[in-house]
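These notes concern the structure reproduced below.
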Amino acid sequence: MRKFKWGHLYLVFVFIVLYLPIGYLIGFSFSDGERMSHFKGFTLRHYAELFNDPRMIQIVLDTLLVALLAGLVATIIGTFGAMAINRTSKAVVRNTVLSLNNILMVSPDVIIGASFLIFFTALNVPLGFMSVLLSHIAFSIPIVVLMVLPKLKELPGTMLDAAEDLGATNFQVLRDVILPFITPGILSGFFMAFTYSLDDFAVTFFVTGNGFQTLAVEIYARARQGISLEINALSGVMFLFALVLVVGYYFVQQAQSSRRQKKGGR
């Protein structure tokens, strides 16, 4: 008979604390009432109201566009930045750059948002789509660096030496050796950057303008007027979207692992 492990009980407790509020929120999206005071019966009308709200749909599309562009640009810059850090031979320079990178990870979002606001105001950059996009790219780059750098450290130097001995150019080494090896780290960095951009509120609140809103800022503005169950319906849709992303990423990782095992078995 197996011994009872308190660690399993703790894990169950953590999952309950994390997912119970989400389940409570999504559950009331099917209530026929107007508030979350008590459940009045099953309905899908709040979802119908959501998909018939052109302003909310536009905000969702704008939020996804910013997150996608920020994730792509930050992944490209962060990947090459991680390569540059990994190739730095001087330990002092490498540790200094990594420390500066990590500072952005632990700095309060309020400080980062206020800094970007002062920066854009000083340069007379109008607040809106571009200011939000640039800000999201900036705070996403350190995340990508931290995701890609460990994979670069795992890359055997013998693989690079063998490629060079076979006459491969620097571009061919990058394309055929380095990038395929660190692809899992690149994908992890992209998904992390995409997720951080998607749900960011504090930084976006500082740098957004009157003509542009993201989902987090819009939900905050509506919540101040009283929670509408349309927001619950939106939360349900976004949770399902995030779940699809996670499951899709899992299957991508599994497919890559299977391909690597097949190549290794040959």
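Nothing fancy with the numbering, it's 1 onward along the sequence. All values below were derived from every heavy atom in this structure, side-chain atoms included, with hydrogens, water molecules and symmetry-related copies excluded.
Its side chain within the 4.5 Å cluster rule, L100 clusters with I103 among the Ile, Leu, Val, Met, Phe, Trp and Tyr residues.
To the nearest 0.5 angstrom, F15 atom CZ is 5.0 Å from L11 atom CG. To the nearest 0.5 angstrom, Y19 atom OH is 14.5 Å from L25 atom CG. Expressed to the nearest 0.5 Å, how far OG of S31 lies from CZ of R45 amounts to 8.0 Å. With rounding to the nearest 0.5 angstrom, the CD1 atom of I143 is 9.5 Å from the OG atom of S197.
Formation of a donor-acceptor pair under 3.5 Å by the N95 side chain with backbone atoms of A91 is found in this model. A distance-only check finds a donor-acceptor pair linking the side chain of R94 to the backbone of T88 [under 3.5 Å]. A donor-acceptor distance shorter than 3.5 angstrom exists from the side chain of T63 to the backbone of I59, with no hydrogens or angles considered.
Between F212 and F129, the ring planes are perpendicular. Angles over 60° get that label, and only those under 30° would be called parallel. A parallel orientation is assigned to the rings of F120 and F116, their planes being inclined by less than 30° (bins at 30° and 60°). Relative orientation of the Y220 and F201 rings is tilted, given thresholds of 30° and 60° on the angle between their planes. Between F139 and H136, the angle of the ring planes lies from 30° to 60°, which puts this pair in the tilted group.
Checked against side-chain hydrogen bond (donor to acceptor under 3.5 Å, both in side chains), D62 has the following partners two or more places apart in sequence or in another chain: Q58. By the side-chain hydrogen bond (donor to acceptor under 3.5 Å, both in side chains) test, T208 is found to be paired with no residue, residues two or more places apart in sequence or in another chain being considered.
The aromatic ring centres of F28 and Y24 sit less than 6.0 Å apart.
Each of V145, L72, I141 was checked for a side chain to side chain contact (heavy atoms under 4.5 Å, CB included) with I77, and the lone residue meeting it is I141.
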- Message: As a quick check of understanding, evaluate side-chain contact (heavy atoms from CB on, under 4.5 Å) for F206 and V110, giving each step before the final call.
- Response: CA-CA 8 Å; F206 279 93; V110 174; 4.0 Å; yes
